[in-house]
Amino acid sequence: MERVSTLERAIRTVLIVLVLVFFLFPIFWIVLMSFQNNDQILRIPPSILFEPTLANYTTLLTGKLQTTAGNLDIAFLKNLGNSLLLSTGSVILSLILGVPAAYAFARFKFRLGENIAFTLLSFRFAPPLLVLLPLSLYFKQLGLTDSYFGLIWIYQLICLPLILWIVRGYFEDVSPDIEHAYRVAGHSWWTTFRKIAIPLARPGIAAAGLLAFIFAWNNFVFALILASADKQPVTVGALAFVTASGIQYGQIAAAIVLSVMPTLLLALYAQRYLVEGLSLGAVKG
Amino acid sequence: MASLLLDNVTKIYRPRGKAPVEAVKRVTLDVKDGEIVALLGSSGCGKTSMLRMIAGFEDVTEGAIKIDGKEIHRLAPAERDVAMAFEGYSLYPPLKVRENIGFALLRQRGAGADIEARVKEVASLLEIGDILDRYPSLISAGQQQRTSLARALIRRAPVSLLDEPMSQLEPQLRAILRARLKDYLIAHKMTTVFVTHDQTEAVALADRIAVMEKGELQQFGTPDEIKTSPTNLFVASFIGEPPMNIFAGEVSPVSGGVAVRGFGPDGTSAFALKAPGLELDASRRVQIGIRPHLIRTGTGASDATGRVITNHWLGDQSHISFDIGGCTVVGVTDQPIAARAGDALPVGFPLRAIHLFDPETGNALAHGLDRAP
């Protein structure tokens, strides 16, 4: 009995370590890289013993990239700001649009309701590259190319379906009679929605918002095509480190560390909601 | 505090891709000011649909609902001024029991101290005074149900709607609370409609009972009327525990009037009862209903001889089933009877225990054959 459980515990520990190494080692390696210069990064065999340098971070924060081919201006902080603006803006807009829609899909059965919900979900099926060409043409015609508004609008393709479907599951979990009880006590539909329905679905809304934020933050291809350098997020901005005099691995690593930070912190902070929200909301469909 | 009128109310559900379901069919119900009315029926008979239409969570397909003569069936639930206790309790999870109960009063003009006093009053009425500071998820189903009931009662609304208000309570507590609830409703002159499938509860609480089946109102009357003069076979067999004995039979001529003859399953005559005052055509086919509680056995009973099938003493009454010419008849006595299975006992059917129904429509033809019709 005892031996089996010891063995089991040992196996479990090994497996957990393997999983952690698999997922965390790249992050660990990137963090190490961000404190090395290009020579140290590229030496063979690689070593974790080196003299750390802060040069990569200074470069990013000052925006002056010195290479053998000359000095380059990079707009990493501007990119970071863009990422923040685009992701936050699109998540907020998606919440404003998606939460009432999720409520409607959960509570009311109406003509073509399921079809509309499915169509919204199907935005996630289409490969972005497939819709990019027509999108960029439309954007030119509408004058939306290279505008925050246009980009936030497009980011809805990512955020809205996610929020809609996760939050819908949450609303379906709440008994409509709880809202009825509130309404019969003399409250309007709108008050009931605000005071009862939304607070009860709050963990789901938080999880969906967070997940949508991460997805929006990590998006690359929409911003690459539809925005110029001025409006590009960090994912696209990191391309600037592929310079004429070589790829600046150190700066890329530092840029990754800095750009992962906001989502990582947010995810750690809201981890509880995320796990709860995904397992509850996503299972019920 | 208000009268309630359901005027020819019909409710049709139209599920997508399925045939429409007529859940409530042209029901007219006139509830007087301060009256307590039970909607009694088996599951799926439309009683909860009626309650939800009065509260405003379901549209009325046809007909009208009026409170104090004013049409309310197109108003939002908030504007109808009704209180409701839900079958699924529907408490607000983030609020304590105390807040859940007092919450409904916050909207009404009233000082905080007054709310506190009324919460205490209704909580002690329903025996939940000791759990006021707990959260709904941490109390038992019975306590949740009483909290939900308290939330409806505290408002003393013009019309109160209670959906299965005591289904989750243990029998002893239910009996106590039933009496208290009735006192409370009468003291505050609260017009109340409650749904139940427990006829004891309906009889004990209600001034009048509306018996429903398949969306149709079968009978609306006082508990006594429903028991002694059921309008049809459904009501007759639905009300009463154990249920009414029902046999096929006919009215046949005998010297000096007519008799009611009951048939066994093979179609032969099992018993015959002279009914001097009965004004029905001779040789008319009928369904005979006999209330178990009025059946007599032993000395003085001479209408038939029954072979005892089972004999159970329940502590306060005996349920005895007899075989009379192939018919199984259940009788209830309030004294234990020393008879074993297989024994033959004389059985008496007093004429007032007999109800006759039309075999085709099920409608009542006569109640209590000792009364002149």
Side-chain angles (χ1 to χ4, degrees), chain A residues 99-100 103-119 167-207 270 272-273 276-277 279-281 284-285, chain B residues 13-18 48 51-59 72 75-95 99-110 136-137 144 147-155 157-164:
Chain A
V99 172
Y103 181 82
F105 285 127
R107 280 284 179 269
F108 306 109
K109 299 286 159 250
F110 46 90
R111 257 179 83 76
L112 297 179
E114 285 306 312
N115 302 21
I116 297 170
F118 187 78
T119 307
V167 176
R168 176 187 180 175
Y170 260 78
F171 281 135
E172 279 170 354
D173 273 355
V174 177
S175 161
D177 276 347
I178 295 184
E179 290 164 38
H180 288 153
Y182 196 77
R183 293 187 64 188
V184 95
H187 300 269
S188 69
W189 176 85
W190 173 239
T191 333
T192 311
F193 179 65
R194 277 188 306 131
K195 293 274 174 67
I196 298 290
I198 291 195
L200 288 180
R202 194 175 286 146
I205 296 173
R272 213 157 26 97
Y273 288 129
E276 197 182 298
S279 46
L280 245 168
K284 284 213 57 172
Chain B
Y13 291 102
R14 301 179 197 278
R16 187 172 306 283
K18 291 186 201 139
T48 295
L51 219 55
R52 297 177 77 87
M53 280 191 285
I54 302 171
F57 310 134
E58 302 283 358
D59 295 332
I72 53 128
L75 298 179
E79 294 160 16
R80 300 187 181 197
D81 217 0
V82 298
M84 182 158 176
F86 291 84
E87 192 181 2
Y89 327 136
S90 303
L91 303 174
Y92 310 125
L95 301 186
E99 295 155 340
N100 259 290
I101 299 174
F103 193 77
L105 284 183
L106 291 178
R107 287 276 298 177
Q108 295 177 7
R109 287 152 308 237
S137 53
Q144 290 186 33
T147 305
S148 156
L149 184 57
R151 186 174 62 180
L153 292 182
I154 196 171
R155 281 185 50 202
V159 173
S160 298
L161 310 168
L162 314 176
D163 196 352
E164 304 271 3

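Letters A, B, ... are given to chains in the order of the sequence lines, protein chains preceding strands, and every chain is numbered from 1. Every value quoted in this text rests on a predicted model; they were computed, and no experiment measured them.
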K.L.:
So do the side chains of B:Pro93 and A:Ile178 get within less than 4.5 Å of each other, counting heavy atoms only?
P.N.:
yes
K.L.:
Among A:Arg111, A:His180, A:Arg183, who wins on heavy-atom pairs under 4.5 Å with chain B?
P.N.:
A:His180
K.L.:
Quick check: closest heavy atoms across A:Ala185 and B:Arg155, and the distance to 0.1 Å?
P.N.:
CA-NH1, 3.5 Å
K.L.:
Starting from the C-alpha separation in whole Å, work towards a yes-or-no answer on side chain to side chain contact (heavy atoms under 4.5 Å, CB included) for B:Tyr89 and A:Asp177.
P.N.:
CA-CA 8 Å; B:Tyr89 327 136; A:Asp177 276 347; over 6 Å; no
K.L.:
Is it true that atom OH of B:Tyr13 has more than 12 heavy atoms of other residues, nucleotides or ligands lying nearer than 6.0 Å?
P.N.:
yes
K.L.:
Can you tell me which portion of B:Leu91 sits under 4.5 Å from chain A's heavy atoms? Options are side chain, backbone, both or neither.
P.N.:
backbone
K.L.:
Under 3.5 Å, side chain of B:Tyr92 to main-chain N/O of A:Tyr182, donor-acceptor pair present?
P.N.:
yes
K.L.:
Check the pair A:Val184, B:Val82 against side chain to side chain contact (heavy atoms under 4.5 Å, CB included), reporting the backbone distance first and the verdict last.
P.N.:
CA-CA 7 Å; A:Val184 95; B:Val82 298; 3.6 Å; yes
K.L.:
Please check if the number of heavy atoms outside B:Lys18 that lie under 6.0 Å from its NZ is greater than 12.
P.N.:
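Atom NZ in B:Lys18 is not crowded, with 12 or fewer foreign heavy atoms closer than 6.0 Å.
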K.L.:
Tell me the closest heavy-atom pair linking B:Ser90 and A:Ser175, and the distance in Å.
P.N.:
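The answer is OG-OG, 4.2 Å.
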